[in-house]
Visitor: 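Below is the structure I would like to discuss, written out as structure tokens.
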Amino acid sequence: MANLVVVGTQWGDEGKGKFVDILSEQAHTIVRFQGGHNAGHTIKVSNTTYKLSLLPSGIIRSDKTAVIGNGVVLDPWELLKEVRLIESMGVKISPERLIIADNIPLILPYHRELDLDREKEAGNNKIGTTGRGIGPAYEDKVGRRAIRTGDLRNEEHLRARLKIALKHHNKLRAYPVQEDWLFEHIMDIAKDVIQYIGPVWQYLHDAMTGNQDILFEGAQGSMLDVDWGTYPYVTSSNTLAGMASIGTGVPHNKIPNVLGITKAYTTRVGEGPMETELFDEVGEHLATVGKEKGTVTGRGRRCGWFDAPLVKKTCMLNGVTGIALTKIDVLDELGTIKIYNGEGYEEHEGWLSSTFGITQYDDLPELAKKYISRIEELVGVEIVLISTGPDREETITLKDPFK
Ligand code: IMP
């Protein structure tokens, strides 16, 4: 068995979607284990671009099973919207191929409203959330008042749970949520969601017994982890590899491989500290060439130089066993490229030639190889994959991350 978890080692948007898509060819099942539809995973296959927020990236391969684990928070309306959208692009989704845990906390309309209200009220102290209700939904989970996927199966039980949740939420709101309205609103879609619900943990254990490899798909990035990130400018879930276990029911010692997706420079969406941020034309160049716009919110990403101690630390926290270095081609036109090494910036001569689409390591310019080796040296983890463009094929494979 060679289960693998894919995580972002920076602030998200490292290009996880592309690698999860590539690696899902080798896996039987692809599992989301944290976050919600705040994630934005872009996958380009030939001329089609799929933008997924909630569904595991493996869903676009018709012979794979996609699983959403209990560590996720799930907006059922958004789920169905995404299912319909992907189906309209020619991908068939059935309950045999999409399995959703029965203990996932739901994101309900009042979570989104609370998220947006709080951000508005916070003024300069805002977090810069995606406004999807993620934080308030996780609060309800630990507050033990969440409505969970399994609750949709029993109307009476759902009513009782809604009463408890609304008692809390209506105190926080300018106008109350009507219980009857919300109940009907949920029941409108309950059946469509219920068809996908099942005992995910059992399914995954059976898959492992059958010697099938599982790919765990992280969302956001390590520096957005609620414990280990740049708190309070973080998301509300644990984004580190360890969460793959808690968020699915697969024991941690069954997930030996951790692929850390790492961008060749740094980006961040939303507020909060970013040591190597650039406010000059180089930052703008990275943003333009790298098309650094949030998949979910369309907001511009802040750009900066590679922060080596940051990635070294997140690799240690995640237990990264191999790095996939992405977007190296975005640096192609820069005469000087800097790396923050913890003490200061070291300057590297740019290669000033195109690396776009290169598939063999030996075809890379010598100066690009030098830059890549220096990152490897500073971070202390082997680089096993290099991405030279958004397509599946635009990839240099040095080692199989499943092994
Ligand atoms: P929330 O997850 O919507 O609560 O947002 C909290 C912080 O996480 C904000 O800074 C968001 O920009 C950031 N964030 C959430 N999801 C993603 C993602 O998928 N990529 C990058 N940043 C994200």
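Quick note: numbers below take in every heavy atom, side chains included, and nothing from hydrogens, waters or symmetry partners. First listed ligand is number 1; within each ligand, the first listed atom is number 1.
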Visitor: What is the ring orientation for W77 with H185, classed by angle as parallel under 30°, tilted 30 to 60°, or perpendicular over 60°?
Guide: parallel
Visitor: Under a 4.5 Å cut-off applied to non-hydrogen side-chain atoms, are S245 and K254 in contact?
Guide: no
Visitor: Is the shortest distance from a Lys or Arg side-chain nitrogen in E292 or K263 to a carboxylate oxygen in the other one below 4.0 Å?
Guide: yes
Visitor: What orientation do H205 and W201 show, parallel under 30°, tilted 30 to 60°, or perpendicular over 60°?
Guide: perpendicular
Visitor: Listing by chain and number, which residues have a heavy atom under 4.0 Å from ligand 1?
Guide: W11, D13, N38, A39, G40, I127, G128, T129, T130, Q220, L224, V234, T235, V269, G270, R299
Visitor: Look at E121 together with R118 and state whether they make a salt bridge at an N to O cut-off of under 4.0 Å.
Guide: no
Visitor: Kindly assign one of parallel, tilted or perpendicular to the pair W351 and Y371, based on the angle between their ring planes and the thresholds 30° and 60°.
Guide: tilted
